[in-house]
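Notes follow once the structure below has been shown.
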Amino acid sequence: MSRRTVLAVAAGAALLLTACTGTGGASKGAEAKAPDDPSKVSGTIKVLTQRTDLVQDGTMKKYAAEFNRTYPKVKVEFEALTNYEAEVKIRMNTENYGDVLLIPGVVKKSDYPRFFASLGSQAERGKKYRFTDFTTVGGKVYGQSPIGVSPGFVYNKKVWREAGITDWPTTPAEFLTDLKAIKSKTDATPYYTNFAAQWPLTSWTFVNGSPSCDTGATTKLAEGDPWAKGSDLRVGDTLLYDIVHQGLAEKDPTTTNWELSKPQLAKGRIATQWLGTWAIVQFQDAAKKAGVSPDDIGFMPFPAQVGGKFCAVIGPDYNQAVNVHSKHKEAARAWIDWFTDKSGYDKDNLAISPLKDAPLPSVLKPYEDEGVKFIELDDTEGARVKAIDDQSEVGINKPDYRQDLVDLARGARKGSLDDFLADLTKKWTEAQKTAGS
């Protein structure tokens with residue numbers, strides 16, 4: 001999975017809707033109905049994707065060939081965009097932005113009906129699929145993610161065992177103690193920030209919901225102080241600060257390298273990174289290429305428990321949608337349904353299926369064994385959170401504030417953690433008074 005995908009898991013704050021005026025109002029309320037007879041569905045559809053790797057290596061073409069076994073009269077063409085968000089934003093000034101596309105974070109949720117055709121009612125789709133509320137406007141669903149993702153720590157199990165650690169830490173304090181053991185008993189860098197790549201730091205926002213095991217965590221961002229004592233983001237940001245401040249991360253964060261970090265973790269030179277389930281397959285592939293066991297790649301939840309149980313948040317990746325102006329809405333809808341239900345894309349990426357009755361991927365068997373509780377956050381206030389974030393200029397889904405946090409922790413920036421978080425609180429709560437009103 002590409003790094004652009006990660007940014008999009010909670011996308012929306014990265015860009016402001018400045019150009020997306022479009023002409024979507026003329027078709028507002030259009031619906032892309034599910035085909036009744038696959039043999040009668042026809043047309044050529046263009047599918048926009050951020051997965052440049054899968055288009056280049058022919059994987060997407062293989063998916064299309066399988067799709068044609070069911071829909072022989074539909075021709076699927078792919079266009080992979082390197083800078084997906086920026087390029088699609090420009091195209092959406094016109095009606096020509098593909099037949100199927102991934103909903104850019106730039107588009108306000110309230111504008112979905114202007115740009116995308118409805119896939120049906122939330123009441124009906126919600127019975128079968130996860131994450132429908134993330135794209136629901138006025139009771140109708142406008143997008144569907146083909147996979148679910150969950151944040152967590154990718155780690156080298158062999159290194160952790162060598163440090164004498166056999167159980168997952170249950171508190172931030174235990175996690176820090178474990179990293180200290182790794183530092184003293186092994187040659188591995190206990191934690192790797194990937195500071196220079198920037199985007200991995202945004203993953204720390206996805207801590208939200210796990211420490212409290214609260215499905216209403218997003219609503220609390222909209223209505224309360226995200227950095228109040230005991231709040232999820234404060235717990236996460238404090239742990240990141242402590243890791244760096246206590247010398248448990250790389251010596252010079254500015255020299256980190258995302259691509260090199262994969263084989264380094266696989267070989268045991270790095271012990272731990274906070275990323276997500278999407279990263280597991282990449283690190284396992286890196287292990288195979290490095291000639292070490294992919295079984296050494298582990299995944300653990302955030303170190304916090306409620307009622308003696310870990311909680312892991314699962315949420316959607318990019319959501320596929322049908323262009324409201326598409327002349328082949330039925331074919332486009334057929335592609336989305338097939339890709340979500342039948343393609344095996346979720347299994348190929350060791351990801352969580354959006355189908356509610358599907359089993360968890362094998363890589364999360366340890367989670368099942370440990371009784372980890374999976375929760376989905378209520379995204380009803382998601383649009384308002386984006387508005388507050390934009391107006392406050394905090395940037396919870398941008399790397400800047402956590403780069404500042406890391407700089408503060410390593411002494412490259414003056415000040416205290418309390419003052420730093422208090423400043424975020426001030427900006428956020430001031431913006432709450434007017435944002436989205």
Side-chain angles (χ1 to χ4, degrees), residues 1-12 14-15 44-68 74-92 97-107 116 131 134-135 143-150 154 197 199-200 202-203 258-259 262 275-286 289 315-323 326 331-354 361 363 397:
M1 188 172 297
S2 72
R3 62 185 180 180
R4 292 176 296 281
T5 306
V6 189
L7 285 169
V9 174
L15 294 168
T44 298
I45 59 171
K46 178 174 285 187
V47 177
L48 304 186
T49 177
Q50 94 289 15
R51 292 301 301 267
T52 55
D53 54 336
L54 298 187
V55 171
Q56 290 169 357
D57 69 13
T59 299
M60 294 306 293
K61 187 177 288 187
K62 292 178 182 177
Y63 285 133
E66 285 297 314
F67 172 75
N68 284 144
V74 179
K75 182 179 180 181
V76 184
E77 298 177 347
F78 299 100
E79 184 175 358
L81 304 175
T82 301
N83 192 351
Y84 184 86
E85 291 272 344
E87 292 184 51
V88 175
K89 171 186 176 181
I90 295 171
R91 291 191 188 190
M92 290 179 72
Y97 44 94
D99 295 282
V100 176
L101 69 156
L102 308 170
I103 297 180
V106 65
V107 183
F116 314 116
F131 320 130
F134 283 81
T135 61
Q144 179 64 56
S145 176
I147 60 172
V149 293
S150 181
V154 178
W199 61 265
T202 65
S203 295
W258 160 245
E259 290 298 336
K262 289 184 271 188
L275 294 165
T277 47
W278 60 267
I280 299 172
V281 66
Q282 291 192 27
F283 281 79
Q284 289 183 339
D285 287 344
K289 292 175 182 176
D317 191 67
Y318 261 129
N319 288 283
Q320 287 193 315
V322 175
N323 181 346
S326 172
R333 169 66 185 269
W335 170 260
I336 289 179
D337 287 352
W338 179 88
F339 196 74
T340 303
D341 296 3
K342 307 288 187 181
S343 69
Y345 179 73
D346 57 326
K347 297 180 181 64
D348 294 341
N349 287 277
L350 305 180
I352 298 166
S353 172
V363 292
N397 293 308

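Side-chain contact check for R51 and Y318: no donor-acceptor pair (N or O, by modelled atom type) lies under 3.5 Å.
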Can you list the steps and then say if L81 with T49 is a side-chain contact (heavy atoms from CB on, under 4.5 Å)? CA-CA 6 Å; L81 304 175; T49 177; over 6 Å; no

Can F116 and L101 be said to form a side-chain contact (heavy atoms from CB on, under 4.5 Å), step by step? CA-CA 9 Å; F116 314 116; L101 69 156; 4.0 Å; yes

Verdict with supporting geometry, V47 and V76, side-chain contact (heavy atoms from CB on, under 4.5 Å): CA-CA 7 Å; V47 177; V76 184; 3.8 Å; yes

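When all heavy atoms of P354 and T340 are compared, the closest pair comes out as CG-CG2, 3.6 Å. Nearest heavy-atom pair, D346 versus P146, reported as atom, atom and distance to 0.1 Å: CB-O, 4.1 Å.
Distance check: K342 NZ to D337 CG gives 10.5 Å after rounding to the nearest 0.5 Å. The CG atom of D53 sits 8.0 Å away from atom CD of Q282, with the distance rounded to the nearest 0.5 Å. Interatomic distance, CG of L48 versus CZ of R91, reported as 5.5 Å (0.5 Å rounding). Atom NZ of residue K62 and atom OG of residue S343 lie 14.0 Å apart, to the nearest 0.5 angstrom. Annotation: the span from Q144 atom CD to F131 atom CZ amounts to 8.5 Å, rounded to 0.5 Å. Between Q50 atom CD and Y84 atom OH the span is 7.5 Å, to the nearest 0.5 Å.
Contact of the P361 side chain with the I352 side chain is registered, since non-hydrogen atoms from C-beta on lie closer than 4.5 Å. The closest side-chain heavy-atom distance from E66 to W338 is below 4.5 Å. No side-chain heavy atom of V363 sits less than 4.5 Å from a side-chain heavy atom of T277. Annotation: side chain of L102 is in contact with side chain of Q320 (closest heavy-atom distance under 4.5 Å). A 4.5 Å side-chain heavy-atom check between L275 and P200 finds at least one atom pair inside the cut-off. Residues M92 and P104 meet the side-chain proximity criterion, which asks for heavy atoms closer than 4.5 Å. Residues N323 and V100 have side chains not in contact (no heavy-atom distance under 4.5 Å, counting atoms from C-beta outward). In this structure, the side chains of V74 and I45 come closer than 4.5 Å at one or more pairs of heavy atoms.
Ring-centre distance between W335 and F78: below the 6.0 Å cut-off.
When atom types are taken as modelled, the side chain of N349 and the backbone of A351 share no donor-acceptor pair closer than 3.5 angstrom. T202 places a side-chain N or O within 3.5 Å of a backbone atom of W199 that can act as its donor or acceptor partner. One N or O on the side chain of S145 and one on the backbone of D317 form a donor-acceptor pair closer than 3.5 Å.
Salt bridge present: E79 and K46 bring a charged side-chain N and a carboxylate O closer than 4.0 Å. A salt bridge does not link K289 with D285: every distance from a Lys NZ or Arg NE/NH1/NH2 to an Asp or Glu carboxylate oxygen is 4.0 Å or more.
Looking at residues two or more places apart in sequence or on another chain, you find a ring pair (Phe, Tyr, Trp, His ring centres under 6.0 Å) between Y63 and F339. Partners of F283 by ring pair (Phe, Tyr, Trp, His ring centres under 6.0 Å), not counting sequence neighbours, listed by chain and number: W258.
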